[in-house]
Amino acid sequence: MTPDAFIRTWSGNPLSERSSAQAHFIALCGLLGVEPPSPTTAGRFEFEKGAAKTTGGDGWADVWLKDAFAWEYKKAKADLDAAYAQVQRYAPALDNPPLLIVSDTQEIVIRTAFTGAVQERHDIAIEDLRGADARDLLRRAFQEPRSFRPRRTRADLTEDAAATFADLALRLRQAGHDAPVVAHFVNRLVFCMFAEDVRLLPEKMFEKMVFASDPGTFEENCRTLFAAMAHRGGRVGFTPIPWFNGGLFDDDAALPVDAGDIAMLRKAAKMDWSQIDASLLGTLFERGLDPGKRSQLGAHYTDAAKIMQIVEPVVLRPLKTEWDAARATIAAALEEERAASAEAATTRAAAKAGAATRRANRAHDRATRAHLGFLERLRGVRVLDPACGSGNFLNLTLTALKDLEHRANLDAEAMGLPRPAPSVGPECVVGIELSPYAAELARVSTWIAEIQWMRRNGFEASTDPILKPLGTIECRDAVLAGDGTPAEWPEAEFIVGNPPFLGNKRMIAELGEDYAKALRAAWPDVPGGVDLVAYWVASAWRAVEAGRTRRVGLVTTNSIRGGANRSVLAAPAEAGAIFEAWSDEPWTVAGAAVRVSMVMLASPGEATPESGAETPRLDGREVDRIAADLTAGLDLTGAFRLEENERVCFQGVKFVGRFDVTRELAADWLKAPKNPNGRPNSDVIRRYVTGNDLTKQRPAERWVIDFEADRTADEASFYEGPFERILSEVKRGRDTNSRKSRRENWWKHGELNRGMRSALGDLDRFIVTAEVSKHRAFLWLDHGMLITGSIYAIARDDDTTFGILHSRFHEAWSLRMGTFLGKGNDPRYTPSTTFETFPFPEGLTPDIPAANYAGDPRAQAIADAAADLNHKREAWLNPPDLVRRVPEVVEGYPDRLLPIDDTAAKELKKRTLTNLYNARPAWLAGLHARLDAAVAAAYGWPEDIAEDDALARLLELNRERSGQ
DNA sequence: CATCCGACACATC
DNA sequence: GATGTGTCGGATG
């Protein structure tokens, strides 16, 4: 068929009956050269999709092509909007096709419906089909529907909109208005823009007002509009204005603006606010509006995927299970109704027929009750986000609940029950938020999410009033009440959210000492050393234990798995209540250097004999049980510190002030004449190393002034150069230090490390490892070398201990027992949990002098392998042909290792321990394999023992030795 | 007094 | 600006 023929046939020939719609579609397929639906395409490409739904009337769509479009015909152009609403409503039953198409044959309107993308509309008039462009466009709808995906995402749109308004807010504040007033005003403007773009405000009223205003009239015009919105029956001129409420328009306050502000508003008013992403908008605005948060642009909103990773298992999964049960009840009841009706129709005896009819009616009632009962239950659901911010979790939860209700209604309709209007609304989501800006944004964005959902699914948003007050989003502290007790949370079946992370050591600085103290006092069961987020976990668990809450899902820092933080997960883990967890997820928001865990708790009473307990899932895999450190399988959280390992591993010194000096200055002091007390400066000048020097970079030559623990200020003052330096560089800072001993002992290092200094004593060498390091490596340092707090020293000089520590067994143990830091999630060595709990092989423990086991062949084998490893590794780090040894300017200090020339320097720069272990060349692997074998033999294990097996045996040894 | 941690901090590409 | 990888000192027990 030619385009001309097609147009001749159909032009001015609107549909007379349903069958001619199919004729039109088949003819169109012919024009486009695509196959029309046929019996062979059933299940993929069909006419009258969903016609089986038994309420009569239309099917879900007149034509449906899976994963491409839903297509609805209407006889008259005027009905096309109704047709669109219909395909929107049934989209979930049609697998959410990306294109929604409506037509009256004279016109074809294609609307895109891609998740997360802005919506686009393509109108094709019948005459357009003469042109190849229109035909290509339509053909693409069949063949490449994905190509319609708009480039611009709703996130892009929202960021633009939010950026414009953040600028406006900043300008208004710079003009001298208070931040809360600005926030309230700007929120109103935002809602006006949204409202007019979804036609809740008539006739582009706000945009017209902005374009008609100048700095002299804008404020007054705003007041007029706001006042009209605040009451039922309000008007602007002759135009009636719908009633907005919700606290946002409770008065007519507006702010004066200047010409620049108006230019900005005009730009913003032209954007399509109907499609902004409500959950993002809140966060982006919060940054712009809250003066305290402007500095942390790039802050932490939880992305939608992460939120659903929590909302799905915590809220939706149990509710879907309930709906499945209700649906089964409905299906059975309706089956019974059909059987009884059939019986009534075929039974002659009036009494019997009457009984059958009554049975049919009762069965129908049962089905209806199951359906409506579920809906009522859904309306009664309360989901609490006790740190809701601007409402990301609440928005997405509300949308998901509405999706579930809609899905249930479509299911019920397909089974033959009437489909009620959606009734789940914003009152189902409950929030607590400390920041007034954020709380108001949460309320506004929740309403926007509600209205958008209704529109997207083909329903009218409720009006009169358009907004209802959302007292369910409270502005207050969620963990500490005014009377110094833990804050109470509203009753909620489900709790979700992303509470604030604030490290324990930063709480006083950020929240004030009084608050931090009061918070800790309010939670006596929570140890003082926890992150702020831990109080939300503790509070949520209290709600579960009290039977007030069924399920909880929270985002926390991944530090929740270790240290003091872990204690808040101990009780839930003990009760077997952690039903799902993601132990260590990257954080997708740029700029936030953190990794997170997601922890989901279920009331232990939730498992019923019928439903059984849900199999726990850790990191997406089914496991038997999840421990407090968010691991499954072997639970190492119960390992104890071993007495035999105590007083061996020490953290290095912390200077607290500029005690370090350049090599040049140190050399000058060392070469200087003896001091008035007859002593050389070498008494108080030392070399030191930091973690970087061990692993990441070539060791720098670092020098530090060290008056040690026992020199008085008077005694120290005789070391003239160094003492003057401390006076000028350190004292001032120390005078204001919060700790008395640091103020008073300003010439001494912040920590005196008496324990370490005495343990190292006169050992010729000692073992060190970097606190945080990608690879758990151990090295030797010479006597006299000072280490900083980013290094741990092990006060042993024997190769056997070195070898045991450097074996894969101690490495595996330290990875499980230690904690992690940062985006790269590098492991951190924590002596009390990684070293002191580690059971050395019998007879080779750190409380035994090495000399005592020198004759033990097990010790000897380890020592040989360890010495060999160290020797060859040193030779790689400092090849003799690239490095020359130069004596220090005075005696008593280690030789300097200098590159022989520039080429050597360049090569040496690459020779760092981290680079070596990143590459892990064969020779190194071989040396480690030999060492591992010797250590395995010392434990009496097979050489190729699996890591899990070895860890289990280490745990067993730990239990024996600690007497547990 | 000693250990632990950082909605990190900073050097480097 | 993304990437890689470990500082430093306050705060708690």
Side-chain angles (χ1 to χ4, degrees), chain A residues 293 295-296 298-302 387 389 498-510 513 516-517 520 526-533 555-560 562-567 586-596 641 646-647 649-660 689-697 702 709 733-734 737-739 741-742 749-756 759 769-775 777 787-792 818-836 909 912-915 917-918:
Chain A
K293 291 213 167 150
S295 59
Q296 37 167 286
H300 351 93
Y301 61 82
T302 321
N498 176 184
F501 306 171
L502 185 62
N504 178 258
K505 312 294 187 293
R506 303 181 54 168
M507 272 169 69
I508 287 186
E510 293 285 325
E513 190 166 0
K517 283 200 167 132
R520 287 178 189 130
V526 176
V530 301
D531 189 299
L532 187 59
V533 74
V555 184
T556 69
T557 70
N558 67 351
S559 306
I560 200 78
N565 286 324
R566 187 196 288 167
S567 68
W587 199 230
T588 42
V589 182
V594 69
R595 292 175 67 91
V596 302
R641 294 169 74 161
E646 281 176 13
R647 290 173 301 280
C649 182
F650 300 92
Q651 186 175 29
V653 306
K654 46 187 66 178
F655 304 147
V656 191
R658 293 297 307 274
F659 285 82
D660 58 311
V689 292
T690 185
N692 264 324
D693 300 328
L694 299 184
T695 54
K696 183 174 169 176
Q697 62 185 197
R702 301 179 194 276
R734 279 294 191 81
N737 193 285
S738 62
R739 274 169 54 180
S741 70
R742 286 187 179 170
H749 292 164
E751 294 293 339
L752 303 171
N753 300 70
R754 291 176 195 273
M756 179 183 80
T769 193
E771 177 196 20
V772 172
S773 176
K774 192 173 168 192
H775 306 284
I787 57 168
T788 69
S790 57
I791 293 180
Y792 292 105
T819 56
F820 297 86
L821 174 68
K823 263 187 300 216
N825 217 21
D826 293 330
R828 155 183 258 150
Y829 201 70
T830 50
S832 66
T833 57
T834 58
F835 183 88
E836 293 188 1
K909 210 162 184 245
T912 68
L913 204 66
T914 297
N915 284 347
Y917 278 87
N918 279 345

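Bear in mind the structure is a predicted one, so any value in this text is a computation, not a measurement. Each chain gets a letter, A, B and so on, in the order its sequence line appears, and its residues count up from 1.
Neither OP1 nor OP2 of dG9(C) sits under 4.0 Å from any side-chain N or O of Arg739(A). Look at Ser790(A) and you won't find any side-chain N or O under 4.0 angstrom from OP1 or OP2 of dC8(C). Listed pair Ser773(A) / dT5(C) fails the phosphate criterion, with no side-chain N or O lying under 4.0 Å from OP1 or OP2. A close approach under 4.0 Å does not occur between any side-chain nitrogen or oxygen of Thr830(A) and OP1 or OP2 of dC5(B). At least one side-chain nitrogen or oxygen of Thr914(A) sits closer than 4.0 Å to the OP1 or OP2 atom of dG6(C). For Asn753(A) and dA2(B), the shortest distance from a side-chain N or O to OP1 or OP2 is not below 4.0 Å. Put simply, Lys774(A) has a side-chain N or O that comes within less than 4.0 Å of OP1 or OP2 on dT5(C). Under 4.0 angstrom from either OP1 or OP2 of dA2(B) there lies no side-chain N or O belonging to Arg647(A). In terms of phosphate contacts, Thr557(A) brings no side-chain nitrogen or oxygen within less than 4.0 Å of OP1 or OP2 of dA7(B).
If you check every strand for non-hydrogen atoms under 4.0 Å, Asn918(A) touches sugar and phosphate atoms only. Among the heavy atoms of the strands lying under 4.0 Å from Pro499(A) is at least one base atom, whether or not backbone atoms are also near. Within 4.0 Å of Thr819(A), counting heavy atoms only, lie sugar-phosphate atoms of the nucleic acid but no base atom.
You'll find that the side chain of Thr690(A) is closest to dC8(C), out of dC5(B), dC8(C), dA7(B). Listed candidates were dT7(C), dG4(C), dA7(B). Nearest to the side chain of Val772(A) is dT7(C). Distances were taken from every side-chain heavy atom of Asn737(A) (C-beta onward) to each of dA11(C), dG10(C), dT12(C); the shortest belongs to dG10(C). Nearest nucleotide to the side chain of Arg742(A), out of dG9(C), dT7(C), dC8(B): dG9(C). In this structure, the nucleotide among dC8(C), dG9(C), dT12(C) sitting nearest to the side chain of Ile508(A) is dT12(C).
Note that the CG atom of Asn558(A) and the OG1 atom of Thr556(A) stand 7.5 Å from one another [nearest 0.5 Å]. Ser773(A) OG to Leu694(A) CG: the interatomic distance, rounded to the nearest 0.5 Å, is 8.5 Å.
Between the C1' atoms of dA7(B) and dG13(C), the separation comes to 26 Å (whole Å).
Contact annotation: side chain of Lys654(A) to base of dT3(B), donor-acceptor pair present below 3.5 Å. Remark: the Arg828(A) side chain and the dG6(B) base include a donor-acceptor N/O pair separated by less than 3.5 Å. For a distance-only test at 3.5 Å, the side chain of Glu771(A) qualifies as a donor-acceptor partner of the base of dC5(B).
We find that CZ of Arg595(A) is positioned 15 Å from P of dC8(B), with the value rounded to whole Å. For the pair Ile787(A) CD1 and dC8(C) C1', the computed distance is 14 Å after rounding to whole Å.
Pair assignment for dC10(B): dG4(C), on the basis of Watson-Crick or G-U wobble contacts that are both within less than 3.5 Å.
The two residues Tyr829(A) and Ala770(A) have their closest heavy-atom pair at CB-O, 4.2 Å.
Distance alone, capped at 3.5 Å, is enough to place a donor-acceptor pair between the Thr912(A) side chain and the Asn915(A) backbone.
Counting heavy atoms from C-beta on, the side chains of Thr914(A) and His775(A) come closer than 4.5 Å.
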